[in-house]
Amino acid sequence: MRFKAIFFDRDGTLVRGDPEWTRFRNQNLEQWSGRKFDDSYDYFMKFFQKVLAGGFPFVPYHTVDQELAFFRQWYLYVFEDMGITEKNAERADLLVEKLWYLKKHPYPETVDVLEYFKNKGYKMGVISDCPPSLELTLEGCGLHRYFTSFTASSLVGVGKPDPAIYQAALAAQGVAAEESLYVDDCPPEADGARALGFASFLLDRSESQPESEWRIHNLRELVNFVERRGKRF
């Protein structure tokens, strides 16, 4: 069977964050507070969960406007925690307007790989545990034009590796799992797609793990896989 579609995770697979914006955010928070900002995942989630539990009308978010309201409140909680007490509304608006969580840069090989699959006639989609701005983020870094489906966990109502999010992506493209490739940098999420029948690859950019049939270190290896397989038909 020839593959008809390929699906990608977003963060850590197609794109990475913008280090310049991260520095801008951290420097401002530290200047305003006189304290070092904790940019760890645990700190992020601490206040993410606090917004979720706050009973706000924009939780859960289903639109980009609701997403912006969510992260504005996230910043306000961070200000409170860091002892920032002046111009909080203005400063929260500044950081939300900059959309630090939307700033993405493609990995060096991303565009070439997407061009390859586009030119081969593959249907292409993104499956991401992320807010409604998924499509907007890809537009912002020039990748939007390659995809015809954008499956965000915030809109489906479940995240990976729940089968429902993969099934929603398949339905959006009108293909079966067995007709599809998938790549993700998170082991449980790559495994979840494979369990449904995808030819699913774990992307390990560190190259620190042993080789295996379903582990790749660069997106170009997807091209190699497809070309090798094509010679069998």
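Predicted model only: the values in this text are computed from it and were never measured. Start at 1 with the first residue, then count along the sequence.
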Between K123 and Q173, is there a donor-acceptor pair closer than 3.5 Å when you use the side chain of the first and the backbone of the second?
yes

Does R91 qualify as a cation-pi partner of F79, given the criterion of NZ or CZ under 6.0 Å from the six-membered ring centre and within 45 degrees of its axis?
no

State, yes or no, whether a side-chain contact exists between I84 and Q31 at a heavy-atom distance under 4.5 Å.
no

Give me the ring orientation class for W74 and F44: parallel if the planes are under 30° apart, tilted from 30 to 60°, perpendicular past 60°.
tilted

Side-chain heavy atoms of V226 within contact of I6, under 4.5 Å
no

Donor-acceptor pair, side chain of S133 and main chain of L136, under 3.5 angstrom:
no

Just by distance, do the side chain of K160 and the backbone of D184 share a donor-acceptor pair under 3.5 Å?
no

With a 6.0 Å cut-off on the ring centroids, do F48 and F70 count as close?
yes

Side chains of L202 and P187 in contact at under 4.5 Å (non-hydrogen atoms):
yes

Do C130 and D11 have side chains that approach each other closer than 4.5 Å (heavy atoms only, starting at C-beta)?
no

Run the salt bridge (Lys or Arg N to Asp or Glu O under 4.0 Å) test on E109 and R205 for me, step by step, so that the C-alpha distance in whole Å, both residues' side-chain angles and the decisive distance to 0.1 Å come before the verdict.
CA-CA 12 Å; E109 79 280 14; R205 293 186 180 275; 3.0 Å; yes

Run S40 and D38 through side-chain hydrogen bond (donor to acceptor under 3.5 Å, both in side chains) and show every step you take.
CA-CA 6 Å; S40 69; D38 180 357; 2.9 Å; yes

The reported gap from CG in L94 to NZ in K87 (rounded to nearest 0.5 angstrom) is 11.0 Å

V78 and Y43, any side-chain heavy atoms less than 4.5 Å apart:
yes

Near E86 CD, under 6.0 Å, is it more than 12 heavy atoms from other residues, nucleotides or ligands?
no

Look at the rings of F147 and F150 and say which category their plane angle falls in: under 30° parallel, 30 to 60° tilted, over 60° perpendicular.
perpendicular

Does any non-hydrogen side-chain atom of Y116 lie less than 4.5 Å from one of E227?
yes

Are more than 12 heavy atoms from other residues, nucleotides or ligands located less than 6.0 Å from atom NZ of K50?
yes

Under 3.5 Å, is there a donor-acceptor pair between the side chain of T110 and the main chain of L14?
yes

Kindly indicate, with the supporting measurements, whether the criterion side chain to side chain contact (heavy atoms under 4.5 Å, CB included) is fulfilled by L170 and F7.
CA-CA 9 Å; L170 293 170; F7 297 89; 3.9 Å; yes

Keeping the roles fixed (side chain from E139, backbone from H144), state whether a donor-acceptor pair exists under 3.5 Å.
no

Side-chain contact test, heavy atoms from C-beta onward, threshold under 4.5 Å: evaluate it for T151 versus Y166 and give yes or no.
no

Going from CG on D185 to CZ on F8, what distance comes out if it is rounded to the nearest 0.5 angstrom?
13.0 Å

Minimum heavy-atom separation for S200 to A193, with atom names?
OG-CB, 3.7 Å

For a 4.5 angstrom cut-off between non-hydrogen side-chain atoms, does Q73 reach Y77?
yes

So, E115 and R220, do they make that salt bridge, N to O below 4.0 Å?
no

Ring-ring centroid check Y146 F117, cutoff 6.0 Å
no

